[in-house]
Protein chains: 2
Amino acid sequence: MAPVNGNDPNGGRQRGVTIIDIARAAGISKTTVSRVLNGEAGVAPATRTHVTEVAARLGYRANTAARSLRTRSSALVGFLVPHLNEVFSQQAERLSLELRHHGVDLVISTSDWDPVAEVEIVERMASRGVDALVLSLTSDRNPDVARLLKTIDPALVLLDREVRGIAADTVLTDQSGGVEGAVAHLVELGHERIGLISMTDVNRPGREVPAAWRRAGERAGLDFGPELNVALPRFDAASGASATGRLLAADVTAVIACVPEAAIAGVLFDLRDRGVSIPGDLSLVGYHEPVLASAKEPRIAAITRDYGEMGVIAGRLAITRLANRDQRPRIETVGTGFVPASSTAPPRRS
Amino acid sequence: MAPVNGNDPNGGRQRGVTIIDIARAAGISKTTVSRVLNGEAGVAPATRTHVTEVAARLGYRANTAARSLRTRSSALVGFLVPHLNEVFSQQAERLSLELRHHGVDLVISTSDWDPVAEVEIVERMASRGVDALVLSLTSDRNPDVARLLKTIDPALVLLDREVRGIAADTVLTDQSGGVEGAVAHLVELGHERIGLISMTDVNRPGREVPAAWRRAGERAGLDFGPELNVALPRFDAASGASATGRLLAADVTAVIACVPEAAIAGVLFDLRDRGVSIPGDLSLVGYHEPVLASAKEPRIAAITRDYGEMGVIAGRLAITRLANRDQRPRIETVGTGFVPASSTAPPRRS
DNA sequence: TTGAAAGCGCTACCAG
DNA sequence: CTGGTAGCGCTTTCAA
């Protein structure tokens, strides 16, 4: 039998079983009940089993809000991503799972690649009282965000981002392995004019990828001019298509597209519309290919990394940070690799 | 200047500005501060502006836990999905956005298609105090879940699921439009043995899709035997591949695959390995195709619907439900359509 | 239009 | 090993 509660003063939600109800039913103090429920040591085994039993019988469920208020911790982590595409979804799923193992839930919000929305979202999450905030910022060069991050309470984990003045736990991607692999592969096939579609320099991959590409070119004795690098501010199909046009005009024989899948789709559509065949007329390297896409030809060679792992690492960083907020910031690096496929071939001799 | 707080009795988080700090700074009671912050009527304009000003100056951020405790509402909605694939991610993104417009945040958890995990997750979210729970259950026939849903407090929104004994707000999918469109299209091309890969009957699409397929067959004067329907319990590539084998053994000339993308990828891989060409040897209809996959041939004809819209509707149902928990359950239906593409053709005459 | 006081459910402290 | 008490920050009476 559920205990009879006083008549509800609140028009709203149901009252629910509290530790006081358990205490009464067990003829014991709520302090001890709390101790049992939290698995603290120093409770007589008999008491423990009894309380556990009563709690189960009454269908007790802890009130998280009350606990949060008292302990100043919400067991909630926020995850801010630009967009829930396959890459970020995968990160989210693994991050969520990792956190769940530690009794922590994940609040997700998308900015739709809008730096202004990002500020609002971070603000919201801070006010929500998340214990930690995992950030895949659209722009890590936005001074408003940088300023905001200094004033908020949650622990921070940056996902392949570097914010000036913020020394936070970070999961970095080392782009060099993948990019150099791709360039080396293309050079070996005989390509010299290797175009790059990248993100703009407002976030770390947008800075690191072009740098790695240029380095790799130099290593191969090639000087990649700026006309070979198109930096996209947006990642819809139209942007991808326009980048393709610019690179074809620059006489590239190969393109490395380190941008989200929606933009790469734009590249593919545009090439098809122009009658440019892959890899016959143009070699293409992408940046992760969804499984369903990879089931069709040409399979896109890709610079890739383990997104799920990034989520797991972010989760671990968050959890360990919460256990000890005073430790110094840690940086974990995830490598990238080049996965060859049927989308590359020797350049057409003209 | 931030007010000087007493020395922190808590080893943990920072103290933060409270309404008491504002009240003191403004020389006013915390009641009035609360009223202003919540935009309640009955406050002198002068007081209102002053309080607003002071709050901004001190950098006040409401403590959500305290508010939740008092109001018994968390401004949090839970979303349970089997897996964050493209379909569910899209729903999640739009749902999240819709909720955000109303000041509500979204907690996401994935069950990895595990009905047991689902029970735990629902339990967790209830204990977390979510105001509403949006559920894409792996199995809506799991009695444990049905029982649990009756005991918990949050408002429920079911996403294309029907749980016995639970009268909740629901977003239903009407599969008939899409399935009948697909069957009619294939029949018109001359197909008679049209196989179906579906989910099992543990959830609503797993029941509705086969029913619609059978009806559509009857309407065309065809009697689809049970050997033409493979119901998958899992949705990895291997499952998709094995389903393909069984249907080919049943001499189908066309396959409709109403299963998640990972399984459809398995179908494609398997067909390629067997040297079965699409649509030359076999016509294929899928169930939504990611943009990057659609950029390559063959483009998979699909039975599809607006996933984003489903998320938006779910969000609206949740929000309006919270505004009035006593209204009777509402059911919104989303239609499906058939989108032809290059993956279908007349059957090979043998 | 304003304020005092009560209390949401829980954990932390201290005394026994 | 156990219990009493204080209070987290907020909203909500109720009274002025």
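Residue numbering restarts at 1 for every chain, and letters A, B, ... go by the order of the sequence lines. If you're wondering where the values come from, they're calculated on a predicted model, not measured in any experiment.
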| said: Looking at A:G129, is its backbone amide N or carbonyl O close enough to the side chain of A:S74 to form a donor-acceptor pair, meaning the two atoms are under 3.5 Å apart? | reply: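 Pair found, side chain donor or acceptor close to backbone of A:G129.
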| message | Taking the side chain as everything from C-beta on, heavy atoms only, tell me whether B:D105 gets closer than 4.5 Å to B:L99. | response | no
| query | Is the closest side-chain heavy-atom distance between B:D140 and B:V145 below 4.5 Å? | reply | no
Separation of [X] atom [atom1] from [N] atom [atom2], in whole Å?
{"X": "B:R67", "N": "C:dG9", "atom1": "CZ", "atom2": "P", "value": "18 Å"}
{"X": "A:E40", "N": "D:dT2", "atom1": "CD", "atom2": "C1'", "value": "13 Å"}
{"X": "A:D21", "N": "C:dC8", "atom1": "CG", "atom2": "C1'", "value": "13 Å"}
{"X": "A:L69", "N": "D:dT11", "atom1": "CG", "atom2": "P", "value": "12 Å"}
{"X": "B:R70", "N": "C:dG7", "atom1": "CZ", "atom2": "C1'", "value": "6 Å"}
{"X": "A:I20", "N": "C:dC8", "atom1": "CD1", "atom2": "P", "value": "7 Å"}

| said: Classify B:S34 by what it touches in the nucleic acid, base, sugar-phosphate, or nothing, heavy-atom distance under 4.0 Å. | reply: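 Touches a base.
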| request: Answer with base, sugar-phosphate or nothing: what part of the nucleic acid does B:A62 contact at a heavy-atom distance below 4.0 Å? | output: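 Answer is sugar-phosphate: B:A62 comes under 4.0 Å of backbone atoms only.
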Under 4.0 Å from OP1 or OP2 of [N]: is there any side-chain N or O of [X] that close?
{"X": "A:S29", "N": "D:dG3", "result": "yes"}
{"X": "B:R72", "N": "C:dC8", "result": "no"}
{"X": "B:T47", "N": "C:dT2", "result": "yes"}
{"X": "B:N63", "N": "D:dC8", "result": "no"}

Report, one line per pair, each donor and acceptor closer than 3.5 Å where one atom sits in a side chain of residues 33-44 of chain B; sequence neighbours left out.
from	atom 1	to	atom 2	distance (Å)
B:N38	OD1	B:R67	NH2	3.4

Looking at [N], does its base get a donor-acceptor pair with the side chain of [X] below 3.5 Å?
{"X": "B:T32", "N": "C:dG3", "result": "no"}
{"X": "B:R35", "N": "C:dG3", "result": "yes"}
{"X": "A:R61", "N": "C:dG9", "result": "no"}
{"X": "B:T31", "N": "C:dA4", "result": "yes"}

| query | Of all the choices, D:dC10, D:dG7, D:dT11, which nucleotide is nearest to the side chain of A:K30 once you look at every atom? | reply | D:dG7
| task | Among the candidates C:dT11, C:dG9, D:dT11, find the nucleotide nearest to the side-chain atoms of B:N38. | result | D:dT11
| query | With nearest nucleotides of DNA chain C determined for B:V43 and A:L37 from heavy-atom distances, which residue corresponds to the more 5′ nucleotide? | reply |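 Counting from the 5' end, the first nearest nucleotide belongs to B:V43.
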| request: Please name the residue in the list B:Q327, B:R330, B:H102 that meets the side chain to side chain donor-acceptor pair (under 3.5 Å) test with B:T320. | output: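 Exactly one option meets the side chain to side chain donor-acceptor pair (under 3.5 Å) with B:T320, and it is B:R330.
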